[in-house]
Amino acid sequence: MKILSVNAGSSSLKFQMYEMPEEKVLISGVFERIGIDNSLYTIKINGEKIKKETVLTNHKDAVRILIKELLENKVIKSLDEIKGIGHRVVHGGDRYAKSTVITEDVIKTIDELSSLAPLHNPANLMGILAFKEEVPDAVSVAVFDTAFHQTMPKESYIYAVPYEWFTKYGVRRYGFHGISHDYLTRTLKKVLKNDKPNLITCHLGNGGSISAIKDGLCYDTSLGFSPNAGLVMGSRSGDIDSSIIPYIMSKTDKSLEEVMSDLSKKSGLLGVSGVSSDSRDVEDGINNNNERCILAQKLYINRVIEYIAKYYVELGHVDALCFAGGIGENSISTRKEILEGLACLGIKFDEKDNDFRGEFKLITKKDSSIPCYVIPTDEEVMIARDTYNLIEG
Ligand code: ADP
């Protein structure tokens with residue numbers, strides 16, 4: 001059965017088509033600069049990468065070209081071969097604890113939830129509506145980035161603010177990157193042959209989050225009401241004292257929107273290093289003795305360790321820890337510094353076992369108190385799996 005996995009952003013659309021249940025990738029690609037000048041798309045098929053420039057005025061244009069490419073490249077013979085289309089949807093609020101088939105009601109709810117995710121849900125909806133129009137017979141499924149975290153107990157998700165902010169306005173921790181944390185949890189359940197493990201899953205990409213998994217379910221997570229909480233990220237501050245916001249507004253002529261934008265686009269590794277939001281550039285800076293890059297990396301590592309330590313205490317017993325995301329999978333020095341900082345928990349590793357990028361591997365020694373794995377995460381396959389499972393019933 002052919003299933004498309006889709007991630008629509010405001011000006012981009014990523015896709016991957018699978019043969020299910022084999023999970024074989026048939027074609028993948030990305031449409032970029034939708035609605036902007038110089039639009040282009042890239043497709044990968046049979047190990048070949050093809051890049052083309054074209055006009056993409058909206059998401060529907062991208063979907064039409066995608067269908068044309070699928071037919072021309074003989075990935076499908078006719079449209080009715082596409083049985084399901086799974087869409088990543090960032091915010092499911094407290095309405096969705098699982099993936100769901102998209103009905104008119106679901107579309108309305110995703111739209112209503114846009115007030116919680118103004119940058120993401122409207123873009124996700126554009127993708128959903130474009131495919132509904134162009135491929136009307138396929139089953140559409142929404143796979144939410146928040147759903148996995150819905151098992152958190154109240155003490156993990158309530159903020160210490162006036163309680164009616166929660167009851168009236170939905171102010172609570174929702175958590176994000178749930179599709180990745182779910183993938184990591186399912187993978188470790190299989191590896192450990194344990195259906196109810198206690199885990200700490202670290203998704204360290206450009207955005208980053210850590211989750212505590214108790215008895216196989218999400219118990220706590222570092223992202224919060226919005227995707228700017230918890231860890232130091234590429235350009236996001238993560239946790240800060242909220243009083244900084246009005247203080248900076250009073251000291252500069254910046255509006256609330258500008259200060260909020262600085263906290264998400266000019267902070268994190270970029271803000272502290274002054275060099276880049278990309279951890280590779282920060283690593284280069286460290287190798288050249290750039291003091292601010294050294295400082296940025298220290299803040300990054302310290303925050304990761306703080307969260308792992310907090311979750312270690314919350315869980316009481318941890319069966320495994322894992323690293324994923326661009327940095328978790330590839331940055332040898334970041335993993336090393338985090339694991340060194342956790343030595344007091346009895347975590348032991350050998351540097352040569354950590355000297356690799358981008359593959360599944362156990363990196364700790366046999367006598368380590370907690371085994372630690374590197375797991376290349378795969379959000380696209382999770383979307384395809386949930387879509388397939390909902391169609392198959
Ligand atoms: P996103 O959150 O946008 O999906 P990714 O998971 O792709 O982000 O992670 C991007 C981060 O991964 C960047 O900071 C990048 O520097 C880092 N990264 C990717 N490859 C490497 C590498 N080989 N070494 C160190 N860091 C890497």
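The analysis underlying the following values was restricted to heavy atoms, covering all of them including side chains, and did not include hydrogens, waters or symmetry mates. Ligands are counted one by one from 1 in listed order, and the atoms in each one are counted from 1 as well.
- Regarding atom 25 (C) of ligand 1, its nearest protein heavy-atom neighbour is Arg280 CG, 3.5 Å.
- Protein non-hydrogen atoms do reach within 4.0 Å of atom 14 (O) of ligand 1.
- From the protein, the heavy atom lying nearest to atom 11 (C) of ligand 1 is Ile327 CG1, 3.8 Å.
- Considering backbone and side-chain atoms together, Ser331 places no N or O closer than 3.5 Å to any N or O of ligand 1.
- In this structure, the ring of Phe176 has its center less than 6.0 angstrom from the ring center of His91.
- Within the set Asp278, Asn330, Asn206, the minimum heavy-atom distance to atom 8 (O) of ligand 1 is found for Asn206.
- Closest protein heavy atom to atom 26 (N) of ligand 1: Ser279 OG, 3.2 Å.
- In terms of protein heavy-atom proximity, atom 24 (N) of ligand 1 is nearest to Arg357 NH1, 3.4 Å.
- Using a 4.5 Å cut-off on side-chain heavy atoms (C-beta onward), Ile210 and Lys310 make no contact.
- In plain terms, the two heavy atoms of Pro197 and Asp195 that are nearest each other are CD-C, 3.3 Å.
- In this structure, Tyr41 and Phe31 have parallel ring planes: the angle between them is below the 30° cut-off, well short of the 60° mark.
- Ligand 1 is approached by Gly207 to a heavy-atom distance shorter than 4.0 Å.
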Given Thr221 and His181, is the side chain to side chain donor-acceptor pair (under 3.5 Å) satisfied, shown in steps?
CA-CA 10 Å; Thr221 194; His181 289 289; 4.6 Å; no

Does the pair Ser276 and Asp278 meet the rule for a side chain to side chain donor-acceptor pair (under 3.5 Å), with working shown?
CA-CA 5 Å; Ser276 171; Asp278 191 303; 5.4 Å; no

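- Those atoms of ligand 1 with a heavy atom of Gly326 less than 4.0 angstrom away are 5 (P), 6 (O), 9 (O), 12 (O), 17 (C), 18 (N), 19 (C), 27 (C).
- Ring geometry for Tyr157 versus Phe166: interplanar angle of 30 to 60°, hence tilted.
- An N or O contact shorter than 3.5 Å is missing between Gly325 and ligand 1 by distance.
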